[in-house]
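Chain letters run A, B, ... following the sequence lines, proteins first and then strands; every chain starts at 1. The model shown is predicted, which means the values in this text are computed figures rather than measured ones. Just so you know, these numbers use all the heavy atoms, side chains as well, and skip hydrogens, waters and symmetry mates.
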Amino acid sequence: MTEQPVRTRYAPSPTGDPHVGNIRTALFAWALARRTGGQFLLRIEDTDRTRYVPSSLEAIYESLRWLGLDWDEGPIVGGPYAPYIQSERLPYYHEVANRLLAEGKAYRCFCTVERLDALRAEQQRRKQPPGYDGLCRSIPPAEAEARAGEPHVIRFKMPREGQTVLRDAIRGEVVFENALQDDFVLLKSDGYPTYHLAAIADDIAMRITHVIRGEEWLSSAPKHIRLYEALGAPEPVWAHLPVILGTDRKKLSKRSGDTSVLEYREKGYLPEAMVNFLALLGWSLDDKTTIVDRETFVRNFSLERVGANPAVFDIERLDYLNGYYIRAMSPDRWAATVVEWCEAHLPSSVPRPLDRSVLEAAAPLLQERVTRLADIDDLVLFLFTERAPEYEPELLVERLAGDRDFALRVVDAALLALDALPPQEWTRERVEGAVRSLESALGTKLRKFVAVLYVAVMGRPQGIPLFDSMALLGRERTLLRLREARAKLERMHG
RNA sequence: GGCGCGUUCGUCUAGAGGCCUAGGACGCCGCCCUUUCAAGGCGGAGAUCGCGGGUUCGAAUCCCGCACGCGCUACCA
C-alpha cells in the first residue's frame, strides 16, 4: 500500500555473527525500501563497549553482501547523515540528552548500581513490578547541576499516568499503561547512550520513516514513542516482526540449531535459497506460491502481508529450496559453482588446480543429486584419488545378501569384459555396453549386482552413475580398483 | 510475579462471516521411472481451525473468559 519512498534501516549491534532471525529483519527492511524506491541504511549500534566483538563488523557486511542486501547509506558507502557507527556519534547523543535535560524532560540520577540492585531485589521479593523508583527525579535542578561532576546517568521522565498507544503495522493497536513504565536510562555513566536514546535519536536524525525490528522491542515501544514526542519528531511507522523459533519451539539460538548466517554459506546453501526461505518465514505472497526469487519478493513485499505469529526455522524446507535453486541453475553457472566449491573444499591432499574437465563433466550428474554444495565433496572425491576411498570389504556384499562368491563372480566378469576394451575405446557408451554384457554372462539383472561395482569404484554403494564414473576415472584406475576389490573379497572369507 | 504478543495439518502458510465437507508447499507413505543414490511424475494419509462461552440464519474468521507458548521486565541490544 505504501507507495511513498520509504527509509528503513538495519541496525545490528556488533556482538557476534548476524543470526538468521536478525538478518530476516534486514531482508524485510531492505525489501520495503527497494519496493518503494526508498533507501535502506545500515547503522552499527556499538554502544555497549563490554559486548563489542570487532570481527562481527565484517561478519555483518559479509552477511548482507552474501544475500544481496545492498545498503544505500552506512559504513563503507557513507551518506548524508554520516557517521553511521554510533560510537562515532557520541557528541550528538550528549547534545540530545542535554536538550532533554534543559527542557526538564530528563534528569540526572546519582543512584549507585548497588542501590539499584537492592531495589530490584526488594521489588522481586515483594512481587512488585521492577523498575526505577524515581528517587532522583525529585532532586532540585540546581542541586543536580551542582553535582554534575559526580558519576551519574541521565534518565528520561516517563509520564506517570495515562496510556501510550502503539500503532503497529503488523499487530494493530497495542495499549500500554504509563504507570507501569519506569524512568529509563538515556545516557550511561560511561558517557555512552543506551539503545533507547541512540536508536531513536538516530532514527530521527536519519529520517527513518519505517522502524522494522524484532518483537523483542515491542515492550519498550512506549519508551520510544514518548521519546519521539519529547524530541518533537513525528513518529515513524512501527513494525515488530515475530521471532523465529528453533525446532524445539524456543527462540532460535545456538542451542536449538545453527543460527549464524555465514555458517549456512559455509555449508553450501545458496543465497537465493536463503532469501526465499527467509522471505516466507513470516511473509506470504498468496495461497500457492512457494518459490519466490529476490525480484518477485521485492516487487510484492508489503508489511500488510507479514504475519504476527512466530515461525519455526525448518531446515528441511531450506534444504528443499536449496536443491530447487541448484537444479534451476544454468548448466554453465552450475559447473562454475562446482569448480569453485571443489577448489576450496576438497581435502588439501588432492593436488590443485583440479582437473576442470573432470568436474565439468561431472557437474550435470551432481546437479540433480545435491542438496547442499557440501554434498559435492563425497560425490567427487573418488575421481581425484588413485585408489578408491577407504571402505570395509563387507560393503562389497552388503546389497548382495552377503553372497561373497557371487560378488567375486561379478568382479571377475567385469574385469574380463572391461579389460577387453582397448584404451581408445574407453568411452561411457562402451563401458556401459561392457558392464551390461554381464547380465547375460551372469544371468542376472544389472540392478542385482551393480552395487558391488559402485563400491569397488567409489568406495560407496551410491553416488553418481557408474558408467560415467568409470569413463571419467579412466581405464587404468578402474581396472586397478576392480582388482583391489577382488583382493578384498578373497581375503574376506575368514 | 507484572506487562505485552501469539495460537489453522509434524513444519511454513492461505484464509479478513457463507466460495472451507479448510487450499498450497516441505516432510512422510505408496506407485511409476531407473545402473546405485537422487531428481522427476502420479497418488495418499495428515488440521473437528488451542479450550469454553457468546454475537449471528450462519464463525477458522467478530466479542469475552481460560489454557498454553513466547517476549520484555539492565547504566544489553
| said: Regarding B:U34, can its base be found pairing with the side chain of A:Arg436 as donor and acceptor, where the two atoms are less than 3.5 Å apart? | reply: no

| said: Measuring to OP1 and OP2 of B:A14, would you say a side-chain N or O of A:Ser284 lies under 4.0 angstrom away? | reply: yes

| When the distance from CG of A:Leu379 to P of B:U36 is rounded to whole Å, what number comes out? | 15 Å

| said: Do A:Arg9 and A:Val211 make a side-chain contact, defined as non-hydrogen atoms from C-beta onward lying under 4.5 Å apart? | reply: yes

| task | Give a yes or no on whether a salt bridge exists between A:Arg409 and A:Asp412, defined as a side-chain N under 4.0 angstrom from a carboxylate O. | result | no

| CG of A:Leu241 versus P of B:A77: gap in Å, rounded? | 21 Å

| query | Which nucleotide in the set B:U13, B:C5, B:A77 lies at the smallest distance from any side-chain heavy atom of A:Glu45? | reply | B:A77

| task | Mark yes or no for a side-chain to base donor-acceptor pair under 3.5 Å between A:Ser219 and B:G71, with no hydrogen or angle criteria applied. | result | yes

| task | Establish whether the base of B:A25 is bridged to the side chain of A:Arg317 by a donor-acceptor pair shorter than 3.5 Å. | result | yes

| Are A:Arg460 and A:Tyr454 linked by a side-chain donor-acceptor pair shorter than 3.5 Å? | no

| query | Can you tell which of B:G1, B:A77, B:U34 lies closest to the side chain of A:Pro130? | reply | B:G1

| message | With rounding to the closest Å, how many angstrom separate the C1' atoms on B:A22 and B:G52? | response | 22 Å

| query | Are any of A:Arg305's side-chain N or O atoms less than 4.0 Å away from OP1 or OP2 of B:G15? | reply | yes

| Whole-Å gap separating P (B:U11) and CG (A:Leu245) | 11 Å

| task | Compare side-chain N and O positions of A:Lys188 against OP1 and OP2 of B:C76 and report whether any pair is under 4.0 Å apart. | result | yes

| With respect to the phosphate group of B:A77, does any side-chain polar atom (N or O) of A:Lys223 fall under 4.0 Å of OP1 or OP2? | no

| message | Measuring only the C1' atom in each nucleotide, how far is B:U61 from B:G17? A whole number of Å is fine. | response | 6 Å

| Do the side-chain N or O atoms of A:Arg369 get closer than 4.0 angstrom to the phosphate oxygens (OP1, OP2) of B:U36? | no

| message | Less than 4.0 angstrom between a side-chain N/O of A:Arg399 and OP1 or OP2 of B:U36, yes or no? | response | no

| field | pair A:Cys111-A:Val153: side-chain heavy atoms closer than 4.5 Å | value | no

| remark: From OH of A:Tyr324 across to P of B:G40 the rounded distance in Å is 10 Å

| query | Under 4.0 Å between a Lys/Arg side-chain N and an Asp/Glu carboxylate O for A:Asp314 and A:Arg317? | reply | no

| Any A:Arg460 side-chain nitrogen or oxygen under 4.0 Å from OP1 or OP2 of B:U36 | no

| Are any of A:Thr194's side-chain N or O atoms less than 4.0 Å away from OP1 or OP2 of B:A77? | no

| query | Under 4.0 Å between a side-chain N or O of A:Tyr320 and OP1 or OP2 of B:C26? | reply | yes

| message | What is the separation between atom CD1 on A:Ile23 and atom P on B:A77, rounded to the nearest whole Å? | response | 20 Å

